[in-house]
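Written out below as structure tokens is the structure these notes cover.
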Amino acid sequence: MPILKAPRNPLVYLKAKHITSIEDPVRLLKLAADTKNLELGKLIHAHLIVTSADAFSNNIDVIQSNFLINLYAKCGQICIARQLFDCMPVRNVVSWSALMAGYLHNGLDLEVLGLFKRSMASVDDMCPNEFVLTTVVSSCSTSGRVQEGMQCHGYVLKSGLVFYQHVKNALIHMYSRLSDMEGAMSVFNTVQACDIFSYNSILNGLLEHGHLKEAMQVLSIMVSKRVKWDSVTYVTVFGICSSLGTLRLGLQVHCRMLKTDIECDAFVNSAIMNMYGKCGKLVNAAKIFECLLIRNVVSWTTIMAAHFQNGYFEEALNFFVNMKLEDITPNEYTFAVLLNSSASLSALRHGALLHACAEKSGFTDHMIVGNALINMYAKSGYIEAANEVFSDMTYRNSVTWNAMISGYSHHGLGKEALNVFRDMITAGDSPNYVTFVAVLSACAHLGLVQQGFYYLNQVMKQIGIEPGVEHYTCIVGLLSRAGLLDEAENYMRSVSAKWDVVAWRTLLNACYLHRNYGLGRRVAEIVVKMDPNDVGTYLLLSNMYAKARSWDGVMKIRKLMRERTIKKEPGVSWVEIKDTAHIFVSDDNSHPESRQIYEKVGELLIKIKQLGYVPDIAAVLHDVEDEQKEDYLSYHSEKLAIAYGLMKTPTEAPIRVIKNLRMCDDCHTAVKMISKLTNRVIIVRDANRFHHFKDGCCSCVDYW
DNA sequence: GTAGGGTTAG
């Protein structure tokens, strides 16, 4: 039967429960502790003091005192619990155990270890039992104390306490938390039977550490042994489905759950929504969210994350508004999802606003928020701010380092990227798969061919990271950038990686930039076969023909595009001015200040022509006169956006422009000169990378 | 009398 929550006045509560006298104070103390009813507990405590045999010495017996320690510990009053404990003339193992559990549940795990050490040396008759060891082992889990945890395991084995179910489960959990899955499995496989707690702990540990195959094996044991799942099992198994990304399994588990009488609490619902989101079924996740009667911060964050993961960044951000309307306070995970959504939109102002919100709510100290901030600033073109957040962080993990290294890499700042990598090694953090993608791409930016191979063949091997296609693609980029095109092609043909269209396109782009049109055309054929709908390839190919003055070739490509009904995606650029993102499409005059903008572009072009700018009319695909070709180039979207930025921002402010396609040669040359002419820093994020234009130069050193 | 497992980020 559920226990009613007590009214504010405990006397009224006692009356309501038909308790007219406190005959059994200990039972009431237990009730108060279990329902976390501090007021009732205090009342009983007062009663005990008044009615104790010797009221003046407050001499309450050991059992009653133990109940009181438990009461105060459970109600979050650990200091009072400690005072009581310290005042006890005689203590027993339960006194120690109750206080230790209190410290553990109040987040003071290191106090537990201290108390345990003290207890072993104390005059009290304290032979640690299964309760004590369960609590102490748990505190090793939460405090990350590997050494002490293993010592406890030794003691537990010697003393025979390992045969207690709680102790075994605490050990499985401890090894899982301390990332020792071999240790966890060895405890899991001991003769002592497993209950649902053991299964849940081992499943969770395997999931957390990415051992999905082993998790599935345990799951199949559970199924064959007909172990009854509880709601925690479902949460964990949905987590496994999410990590595997297999919708089929997810649906099976969801069906199984619906057939049982499992209570679908906030945990379970969030786990299901997360599963659907990660398996690409956003609609299912959204449906569950809409049907939820009570939504907590995790439900909101989960549905935002599902939208973010499926590419609906703006929608993810919009949930924040509704969440606030329902008076739900965001947490660090909420800010991480919001910042990452903002990052994917390169929405610097919005991201900075979120940064301010997070700062105000005190979440910027959390590592996941710091990581998301680095990502947001880097992807929004403000690499200096990313570095500022990075430098201020007290705790870093591999994601932190990776975000900064790849941030620098995307901005073409290879030296800085490698410096951060060196700091990562010095700090003793282990680089992973993602780290080396960023490191190798930094090597490519710097043209460090030998160093790149050294990282791939020596360092990665030493650390035990199996290179993947992303790493091999970086090597292709590295060779290509250094102009070693034949070597790059040979490399692709000799290494048996699963070369994808990205890798071939890297080589193709290199052929274009190094004007090796023969190899370029051959590679382009491969790329077109792999992705016949990619406009970029046709344009590159056509440009290559144009640069080689092979007009037949240009015609051929144009015909091919017509036949395959491939349309050029319009170039779109945008620039944030105050609260608004101003969007420009090439040759578009829908902006209210269009006339002034065109005038500004014209004015800039005249001035940079005096500095030596020559429009790259060969790149224009239209069948028109040269003069008209120049017009087509003049009003490319990024030129419009930059002109508007120059018109609307103070002279010293950098201009940040985002573009959907790769920047064309002509714009690249023009923007370099505009940066010199106007003495501005112009940062353009195109489909591939960032270009920092300053003093007539670009950070990509004209290779992109 | 005191003890064990779960949701959202990359």
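Sequence lines set the chain letters: A, B, ... in the order given, protein chains first and strands last, and positions in each chain run from 1. The analysis underlying the following values was restricted to heavy atoms, covering all of them including side chains, and did not include hydrogens, waters or symmetry mates.
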Practice task
Could you label the plane-to-plane angle of the Phe319(A) and Phe289(A) rings as parallel, tilted or perpendicular, counting under 30° as parallel and over 60° as perpendicular?
Solution key: perpendicular

Practice task
Give a yes-or-no answer on whether the side chains of Thr400(A) and Asn371(A) include a donor-acceptor pair shorter than 3.5 Å.
Solution key: yes

Exercise for the section: Would you mind telling me which of Val235(A), Val232(A), Val298(A) makes a side-chain contact (heavy atoms from CB on, under 4.5 Å) with Phe267(A)? Expected result: Val235(A)

Exercise for the section: Just call it for Val337(A): base, sugar-phosphate, or nothing, with non-hydrogen atoms closer than 4.0 Å on any strand. Expected result: sugar-phosphate

Handout entry: Pair of N/O donor and acceptor under 3.5 Å linking dG6(B) base with Asp265(A) side chain
Key = yes

Handout entry: His209(A) and Ser179(A) side chains, donor-acceptor separation under 3.5 Å
Key = yes

Exercise for the section: Check whether any side-chain heavy atom of Tyr103(A) sits under 4.5 Å from a side-chain heavy atom of Asp109(A), and report yes or no. Expected result: no

Practice task
To the nearest Å, give me how far apart CE (Met304(A)) and P (dT7(B)) are.
Solution key: 19 Å

Exercise for the section: Establish, with yes or no, whether the OP1 or OP2 oxygen of dA9(B) is under 4.0 angstrom from a side-chain nitrogen or oxygen of Lys278(A). Expected result: yes

Completion exercise
From the candidates dT8(B), dG10(B), dA9(B), the one with an atom nearest any side-chain atom of Ala336(A) is dA9(B)

Handout entry: Length of the CG-P vector between Leu339(A) and dT8(B), whole Å
Key = 19 Å

Problem - Rounded distance (Å) that lies between atom C1' of dT8(B) and atom CD1 of Ile288(A) - result: 15 Å

Practice task
Give the rounded distance in Å between these two atoms: CD of Gln64(A) and C1' of dT2(B).
Solution key: 16 Å

Problem - Whole-Å gap separating C1' (dA3(B)) and CZ (Phe131(A)) - result: 6 Å

Practice task
Could you work out which one of dT8(B), dA9(B), dA3(B) sits closest to the side chain of His166(A)?
Solution key: dA3(B)

Practice task
State which residue, out of Val136(A), Thr142(A), Val137(A), fulfils the side-chain contact (heavy atoms from CB on, under 4.5 Å) condition with Val112(A).
Solution key: Val136(A)

Exercise for the section: Indicate, with a heavy-atom threshold strictly under 4.0 Å, whether Ala101(A) touches base, sugar-phosphate, or nothing. Expected result: sugar-phosphate

Practice task
Measure from the side chain of Asn331(A), starting at C-beta and using heavy atoms only, and say which of dT2(B), dG10(B), dT8(B) lies closest.
Solution key: dT8(B)

Handout entry: Sugar-phosphate, base or nothing in reach of His366(A), heavy atoms under 4.0 Å
Key = nothing

Practice task
Name the nucleic acid region contacted by Val137(A), choosing base, sugar-phosphate or nothing; use a 4.0 angstrom heavy-atom cut-off, strictly under.
Solution key: nothing

Problem - Tyr175(A)-His153(A) side chain donor-acceptor pair, cut-off 3.5 Å - result: yes

Handout entry: Phe116(A) atom CZ, over 12 foreign heavy atoms within 6.0 Å
Key = yes

Practice task
Measure the distance from CE on Met257(A) to C1' on dT7(B) and round it to the nearest whole Å.
Solution key: 14 Å

Practice task
Tell me what Phe308(A) touches on the nucleic acid: a base, only sugar-phosphate, or nothing, going by heavy atoms under 4.0 Å.
Solution key: sugar-phosphate

Handout entry: Separation of atom CG in Leu99(A) from atom C1' in dT2(B), rounded to whole Å
Key = 11 Å

Exercise for the section: Would you mind reading off the distance between Glu208(A) atom CD and dA9(B) atom P, rounded to a whole angstrom? Expected result: 12 Å

Handout entry: Selected nucleotide, minimal atom distance to Ala305(A) side chain, candidates dG6(B), dT8(B), dG10(B)
Key = dT8(B)

Practice task
Decide whether a cation-pi geometry holds between Lys74(A) and Tyr72(A); the criteria are a distance under 6.0 Å from NZ or CZ to the six-membered ring centre and an angle within 45° of the ring axis.
Solution key: no

Completion exercise
Its dot-bracket string being built from Watson-Crick and G-U pairs below 3.5 Å, with | for another strand and [ ] for crossing, DNA chain B has the pattern ..........

Problem - Distance below 4.0 Å between Lys74(A) side-chain N/O and dA3(B) OP1 or OP2 - result: yes

Exercise for the section: Let me know which of Asn129(A), Thr134(A), Thr135(A) forms a side-chain contact (heavy atoms from CB on, under 4.5 Å) with Val132(A). Expected result: Asn129(A)

Problem - Short side-chain N/O contact from Lys30(A) to OP1 or OP2 of dT2(B), under 4.0 Å - result: yes

Handout entry: Shortest side-chain distance from Ser231(A), nucleotide among dA9(B), dT2(B), dG6(B)
Key = dG6(B)

Fill in the blank from the handout: Here the residues of residues 267-277 of chain A within 4.0 Å heavy-atom distance, strictly under, of DNA chain B are Phe267(A), Val268(A), Ser270(A), Asn274(A)

Exercise for the section: Look at all strands and tell whether Glu332(A) reaches a base, only sugar-phosphate, or nothing, counting heavy atoms closer than 4.0 Å. Expected result: nothing

Handout entry: Side chain of Val232(A) - closest among dA9(B), dG6(B), dG10(B)
Key = dG6(B)

Exercise for the section: Describe the nucleic acid contact of Asn340(A) in one word from base, sugar-phosphate, nothing, applying a heavy-atom distance below 4.0 Å. Expected result: sugar-phosphate

Exercise for the section: Using a heavy-atom cut-off of under 4.0 Å over every strand shown, decide if Ile172(A) touches base, sugar-phosphate, or nothing. Expected result: nothing

Exercise for the section: Answer yes if the side chains of Ser299(A) and Asn296(A) hold a donor-acceptor pair under 3.5 Å, and no otherwise. Expected result: yes

Practice task
Would you indicate what Gln309(A) reaches in the nucleic acid, counting non-hydrogen atoms under 4.0 angstrom: base, sugar-phosphate, or nothing?
Solution key: sugar-phosphate

Practice task
Decide yes or no, distance alone: a donor-acceptor N/O pair under 3.5 angstrom between the base of dT2(B) and the side-chain of Ser97(A).
Solution key: yes

Practice task
Indicate yes or no for a side-chain donor-acceptor contact from His254(A) to the backbone of Gly250(A) under 3.5 Å, with no hydrogens or angles considered.
Solution key: no

